2 protein chains.
Amino acid sequence: MKQAANLTKNQSLVYSTLSDAGGPLSAYSILDVLRDEGFRAPLQVYRALEKLQEQGLVHRLESINAFVACADPGCSGHGTIAFAICDTCGQVDEISRTAIEKPLRAWTTSNEFEAEKTAIEIRGKCRECKD
Amino acid sequence: MKQAANLTKNQSLVYSTLSDAGGPLSAYSILDVLRDEGFRAPLQVYRALEKLQEQGLVHRLESINAFVACADPGCSGHGTIAFAICDTCGQVDEISRTAIEKPLRAWTTSNEFEAEKTAIEIRGKCRECKD
DNA sequence: CATGCAAATGTAATAGTATTACACTGGATG
DNA sequence: CATCCAGTGTAATACTATTACATTTGCATG
Ligand SMILES: [Zn+2]
Ligand SMILES: [Zn+2]
Ligand SMILES: [Zn+2]
Ligand SMILES: [Zn+2]
């Protein structure tokens with residue numbers, strides 16, 4: 001669990017929930033977990049998630065509408081991140097390789113595209129779940 | 001517009017709508033366009049989209065919950081596809097480069113991950129819209 | 001032609017995800 | 001104190017997708 005300093009109460013609660021889960025959760029799943037702590041509305045979760053994403057503590061998995069705590073202590077350092085998502089057990093691996101970013105940047109550069117956010121998500125079955 | 005043979009009535013209507021749009025549309029936008037043609041329920045759109053995706057005529061853009069007609073006549077040939085999506089004007093470019101797929105396959109191979117579907121989506125501003 | 005099956009369709013209801021709008025709090029700053 | 005600003009609480013609404021069930025269509029087969 002990365003440095004969770006400078007987080008507000010709600011942000012801490014959401015981040016802890018995601019860290020403890022050890023895998024991706026939907027915003028509404030987080031809400032359900034935090035009802036005991038006084039959460040009542042989805043917006044409380046979405047607002048916290050937004051800040052956590054800005055700080056690189058949490059990533060959004062676009063293809064499954066879920067959020068996951070960053071697994072990499074130095075994540076804010078690396079640029080483009082890829083995720084391997086197991087559709088069977090839900091486990092997520094964070095892949096950080098320069099080799100992935102390079103060909104994409106080659107394209108954006110030569111096409112003068114100003115990239116702001118890149119999502120790379122591999123869906124399938126992990127080693128445990130295939131067979 | 002690729003060979004649209006073997007398509008049922010609804011599939012043809014959805015595919016034509018996407019092709020004519022020249023850019024991504026949400027399922028409900030497609031539904032609105034096709035109400036005149038007799039469409040009444042979202043499921044009619046989703047069912048057609050599913051078949052069109054299977055045939056490689058249409059791609060789903062995960063990060064914006066939208067669908068786009070394939071721009072590449074030989075798309076079924078290429079494997080992993082990347083998309084550059086302009087958040088300002090909505091234009092989508094389909095990027096097909098072996099160099100992108102290679103490092104990802106290197107990871108999946110060495111981690112024994114059985115990839116089924118990969119989404120690569122670059123969000124930002126296109127040449128026209130930046131500045 | 002008649003029968004039977006599989007794919008496609010029509011429709012309603014529901015589930016799941018995300019945002020807008022407005023009111024309020026508390027602390028920092030001058 | 002007056003002001004500002006980030007964060008919060010709450011309700012209502014909008015947007016996206018699926019489940020369930022009834023019906024129709026196209027086509028292969030006897
Ligand atoms: Zn990370
Ligand atoms: Zn698994
Ligand atoms: Zn394509
Ligand atoms: Zn643009």
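Because the structure is a prediction, the values reported are computed rather than measured. Lettering follows sequence order; numbering is per chain, from 1.
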By nearest atom, which of the nucleotides [options] is closest to the [X] side chain?
| X | options | result |
| --- | --- | --- |
| B:Phe67 | C:dG10, D:dA17, D:dG9 | D:dA17 |
| A:Arg47 | C:dA12, C:dT20, D:dG9 | D:dG9 |
| B:Arg60 | C:dA18, D:dA17, D:dT8 | D:dA17 |
| A:Gln11 | D:dA17, C:dA18, D:dT8 | D:dT8 |
| B:Arg40 | D:dA17, C:dA18, C:dT11 | C:dT11 |

Practice prompt. Please report the C-alpha distance between B:Leu104 and B:Thr108 in whole Å, then the side-chain angles of each, then the deciding distance to 0.1 Å, and finally whether the side-chain contact (heavy atoms from CB on, under 4.5 Å) criterion is met.
Written response: CA-CA 6 Å; B:Leu104 292 177; B:Thr108 55; 5.6 Å; no

Just N and O in the side chain of [X]: are any of them under 4.0 Å from OP1 or OP2 of [N]?
| X | N | answer |
| --- | --- | --- |
| B:Gln44 | C:dT9 | no |
| A:Thr8 | D:dT8 | yes |
| B:Lys51 | C:dA8 | yes |
| A:Ser26 | C:dT17 | yes |
| A:Asn65 | C:dA18 | yes |

Discussion item. Is there a path of hydrophobic side-chain contacts, each under 4.5 Å between heavy atoms of I/L/V/M/F/W/Y residues, joining A:Ile95 to B:Ile122?
Written reply: yes

Fill in: Plane angle bin for B:Phe67 and B:Tyr46 - parallel if under 30°, tilted between 30 and 60°, otherwise perpendicular
perpendicular

Item to complete: Sort out for me which residue in A:Gln55, A:His59, A:Glu54 forms a side-chain contact (heavy atoms from CB on, under 4.5 Å) with A:Leu57.
Response: A:Gln55

In whole angstrom, what separates [X]'s [atom1] from [N]'s [atom2]?
| X | N | atom1 | atom2 | answer |
| --- | --- | --- | --- | --- |
| A:Arg35 | D:dT10 | CZ | P | 12 Å |
| B:Ile64 | D:dT16 | CD1 | P | 10 Å |
| A:Leu31 | D:dG9 | CG | C1' | 13 Å |
| B:Leu61 | D:dT16 | CG | C1' | 15 Å |
| A:Tyr46 | D:dG7 | OH | C1' | 19 Å |
| B:Gln55 | C:dA8 | CD | C1' | 14 Å |
| A:Asn10 | D:dA6 | CG | P | 17 Å |
| A:Glu54 | D:dG7 | CD | C1' | 13 Å |

Practice prompt. Output, in order, the C-alpha distance, side-chain angles, deciding distance and verdict of salt bridge (charged side-chain N to carboxylate O under 4.0 Å, His left out) for A:Arg60 and A:Glu62.
Written response: CA-CA 6 Å; A:Arg60 175 179 165 80; A:Glu62 305 282 358; 3.0 Å; yes

Discussion item. If you assign A:Ala27 and B:Leu43 each to the DNA chain C nucleotide with the nearest heavy atom, which residue ends up on the more 5' nucleotide?
Written reply: B:Leu43

Fill in: Ring-on-base stacking C:dT17 with A:Tyr28 (under 5.5 Å, under 30°)
yes

